[in-house]
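The structure appears right after this line, and notes come after that.
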Amino acid sequence: NFLLFLLAASGVLALTSLIGQRLGQARTGRRISYLAVLGDQLTHLFLILVVLVAVYPLFYMVLASFNPLNSLFSFPDPEDPNLLYRSGMLPKLDTLSGENYAQLFNGVTSPVWQLLAAGVGGAALAGLGITALINRFRHEEDGLGKIRRWLTWAGLAALAALIVFVTPAQFTGSDNQSKFLLSVRNTLLVSGATGLLAILLSTTAGYAMARLRFPGRFQTLLFFIFIQMFPVVLALVAIYGLMVTLGLSDTLIGLVLAYSGGAIAFNTWIYKGYVESLPLSLEEAALVDGATRWQTFLRVILPLSGGILVFIFLNQFIGTYAEYILSSILLTGVDRWTVGLMLISFTSDRSVSWGIFAAAATLGALPIVALFYAFQRYFVGGAVAGGVKE
């Protein structure tokens with residue numbers, strides 16, 4: 001069926017390309033190559049197919065999260081008149097329900113203020129989406145910029161309040177499924193703290209490497225490159241032994257410190273490149289006016305580093321959000337599990353609760369999507385900020 005679809009689509013494109021070529025020549029009076037028009041059409045078809053192939057697994061995962069039978073796959077039904085059902089590309093939509101999501105919220109208790117904070121966060125996210133649509137069609141960037149910033153900070157404040165003040169005692173369910181939201185809270189706490197520590201460590205180290213000249217500077221930079229050659233798994237024994245010695249095993253603080261230590265080298269190089277792209281005259285003017293080196297860093301360099309700071313934070317946040325190997329070594333208590341560990345607990349050697357797994361994966365991905373959407377402009381700008389030196 002798929003091959004027949006491709007052949008039919010190619011035939012339609014060949015015909016429309018011929019019609020377009022004839023109309024273009026009649027309108028412009030210039031000779032237009034039929035092969036060039038056909039090549040453009042086939043390129044568009046290929047790109048559409050690539051997008052569909054990339055989006056289809058995500059779309060199917062979302063649909064599977066509403067399947068109460070805990071089955072990820074839908075088997076073909078040769079007798080069904082619907083082509084999508086007959087080929088098994090989609091599950092039967094009339095059987096879908098929200099039962100899997102209800103199990104994830106089973107036994108969760110929340111005070112009124114947490115519900116209000118969740119409402120504020122949801123309203124802020126909806127407001128960001130509305131302002132983005134208005135800006136897309138009306139191009140009122142200046143008028144909507146302040147509103148977007150207020151909505152972003154309101155949403156982040158509500159999210160931070162929920163993350164910090166949610167306690168394990170609020171999750172009274174007897175199985176792991178009812179504690180999934182707790183694992184999301186733990187992951188947000190760990191990833192957020194890791195991102196902030198990555199900014200603190202990489203900005204100070206990167207600025208020192210870019211602007212200061214001291215013995216061992218070049219050797220330190222080479223060492224940072226050298227340690228990037230080795231995967232994290234080689235350090236698992238050392239990290240575990242260090243955390244046991246410090247009494248930080250099976251704690252979120254120990255996991256944050258382990259993640260933050262691994263983030264120094266790469267982020268330092270990124271921020272060093274960005275600082276070197278800034279004009280040195282800005283710092284020289286501040287030093288001439290009597291500012292110290294530390295004041296120059298805080299009042300001149302950091303205010304110009306918004307994009308790269310967001311990039312470092314989100315890069316570290318996303319990298320640690322679904323990490324499994326290190327967290328599985330350091331964390332053993334269910335109340336301290338992160339999203340990766342909790343998702344693995346839904347699987348076993350004999351069976352997999354695919355519906356619960358898909359619902360949890362979909363729900364756990366929402367914070368990443370929301371943060372990335374809110375800061376996408378800074379993330380894209382910061383991704384290339386350290387790669388160009390003026």
By salt bridge (charged side-chain N to carboxylate O under 4.0 Å, His left out), Glu323 pairs with (sequence neighbours left out) none
Do Leu15 and Leu23 share a hydrophobic cluster (ILVMFWY, side-chain heavy atoms under 4.5 Å, transitive)? yes
Within a radius of less than 6.0 Å around CD1 of Ile253, do more than 12 heavy atoms belonging to other residues, nucleotides or ligands occur? no
Distance-minimising heavy-atom pair for Ala198 and Gln316: CB-CG, 3.9 Å
Kindly determine whether Ser327 and Leu341 satisfy side-chain contact (heavy atoms from CB on, under 4.5 Å), including the steps that lead there. CA-CA 8 Å; Ser327 58; Leu341 295 177; 3.9 Å; yes
For Leu304 and Leu282, run side-chain contact (heavy atoms from CB on, under 4.5 Å): C-alpha distance rounded to whole Å, both residues' side-chain angles, the deciding distance at 0.1 Å, then the answer. CA-CA 11 Å; Leu304 299 175; Leu282 296 176; 3.8 Å; yes
Assess the side chains of Thr320 and Ser191: does a donor N or O sit below 3.5 Å from an acceptor N or O? yes
Nearest heavy-atom approach of Pro367 to Tyr321 is CG-OH, 3.7 Å
Below 4.5 Å, heavy atoms only, C-beta onward: do Val51 and Ile48 meet side chain to side chain? no
Taken to the nearest 0.5 Å, the spacing of Ser65 OG from Leu104 CG works out to 9.5 Å
Heavy-atom distance under 4.5 Å between the side chains of Thr296 and Tyr207, does that happen here? yes
Tell me whether the centres of the aromatic rings in Phe346 and Phe357 are closer together than 6.0 Å. no
Taking atom CH2 of Trp153 as the centre, report whether more than 12 heavy atoms of other residues, nucleotides or ligands fall under 6.0 Å from it. no
For Arg217, is the CZ atom crowded, meaning more than 12 foreign heavy atoms sit under 6.0 Å from it? yes
Report the distance from atom CD1 of Ile312 to atom OG1 of Thr268, rounding to the nearest 0.5 Å. 8.0 Å
What is the minimum heavy-atom distance between Tyr274 and Ser305, and which atoms define it? CE2-OG, 3.3 Å
Taking every non-hydrogen atom, the tightest pair across Trp337 and Leu331: NE1-O, 4.2 Å
Any link between Met342 and Tyr324 through a network of hydrophobic side chains (Ile, Leu, Val, Met, Phe, Trp, Tyr) touching at under 4.5 Å? yes
If two hydrophobic side chains count as joined below 4.5 Å and joins carry through other members, does Leu246 share a cluster with Tyr259? yes
State, with a plain yes or no, whether a side-chain heavy atom of Thr292 is found less than 4.5 Å away from one of Phe297. no
Of all the heavy-atom pairs spanning Arg211 and Glu276, show the shortest one and how long it is. NH1-CA, 4.0 Å
Count the heavy atoms belonging to other residues, nucleotides or ligands that lie under 6.0 Å from CD1 of Ile325, then report whether that count exceeds 12. no
Separation of Ile344 CD1 from Asn176 CG (nearest 0.5 Å): 12.5 Å
Can you list the steps and then say if Leu255 with Thr251 is a side-chain contact (heavy atoms from CB on, under 4.5 Å)? CA-CA 7 Å; Leu255 188 61; Thr251 63; over 6 Å; no
So do Leu162 and Arg185 actually touch side chain to side chain, heavy atoms under 4.5 Å? no
Just do the side-chain contact (heavy atoms from CB on, under 4.5 Å) check on Phe180 and Leu343 with the steps written out, would you? CA-CA 8 Å; Phe180 177 75; Leu343 288 176; 4.1 Å; yes
With heavy-atom distances below 4.5 Å as the criterion, would you say the side chains of Leu181 and Phe171 are in contact? yes
For the CZ atom on Phe224, are there more than 12 heavy atoms of other groups (residues, nucleotides or ligands in this structure) within a distance under 6.0 Å? yes
Please confirm whether the backbone N or O of Asp335 pairs with a side-chain atom of Asn186, one donor and one acceptor, at under 3.5 Å? yes
By side-chain contact (heavy atoms from CB on, under 4.5 Å) - contacts of Ala235 (at least two apart): Ile239
Is atom CZ of Phe214 surrounded by more than 12 heavy atoms (other residues, nucleotides or ligands) closer than 6.0 Å? yes
Enter the distance from Ile264:CD1 to Leu200:CG here, rounded to the nearest 0.5 Å. 10.0 Å
Correct closest heavy-atom pair for Pro111 and Gln170 would be CD-NE2, 3.9 Å
How long is the span from the CD atom in Gln295 to the CG atom in Leu298, to the nearest 0.5 Å? 8.0 Å
Ignoring hydrogens and geometry, is there a side-chain-to-backbone donor-acceptor pair from Ser260 to Leu257 under 3.5 Å? no
So among Leu201, Leu197, Thr203, which one has a side chain to side chain contact (heavy atoms under 4.5 Å, CB included) with Ile199? Thr203
About how many Å separate CG of Leu188 and CD1 of Ile163, when rounded to the nearest 0.5 Å? 4.0 Å
Looking at Glu283 and Arg293, does any basic side-chain N land under 4.0 Å from a carboxylate oxygen? yes
Hydrophobic clusters here meaning ILVMFWY residues chained together by side-chain heavy-atom distances under 4.5 Å, can you tell me if Leu330 and Val233 are in one? yes
Once salt bridge (charged side-chain N to carboxylate O under 4.0 Å, His left out) is applied, what residue pairs with a partner in residues 232-256 remain, sequence neighbours excluded? Asp250-Arg336
Thr338 side chain near Val184 side chain, heavy-atom distance below 4.5 Å: no
I would like to know whether Ser178 and Asp175 meet side chain to side chain donor-acceptor pair (under 3.5 Å); could you show each step before the answer? CA-CA 6 Å; Ser178 60; Asp175 52 11; 3.1 Å; yes
Could you tell me if the ring centre of Tyr101 sits under 6.0 Å from that of Phe66? yes
According to a 4.5 Å side-chain heavy-atom criterion applied to Ile, Leu, Val, Met, Phe, Trp and Tyr, with indirect links allowed, do Trp269 and Ile227 form part of one hydrophobic cluster? yes
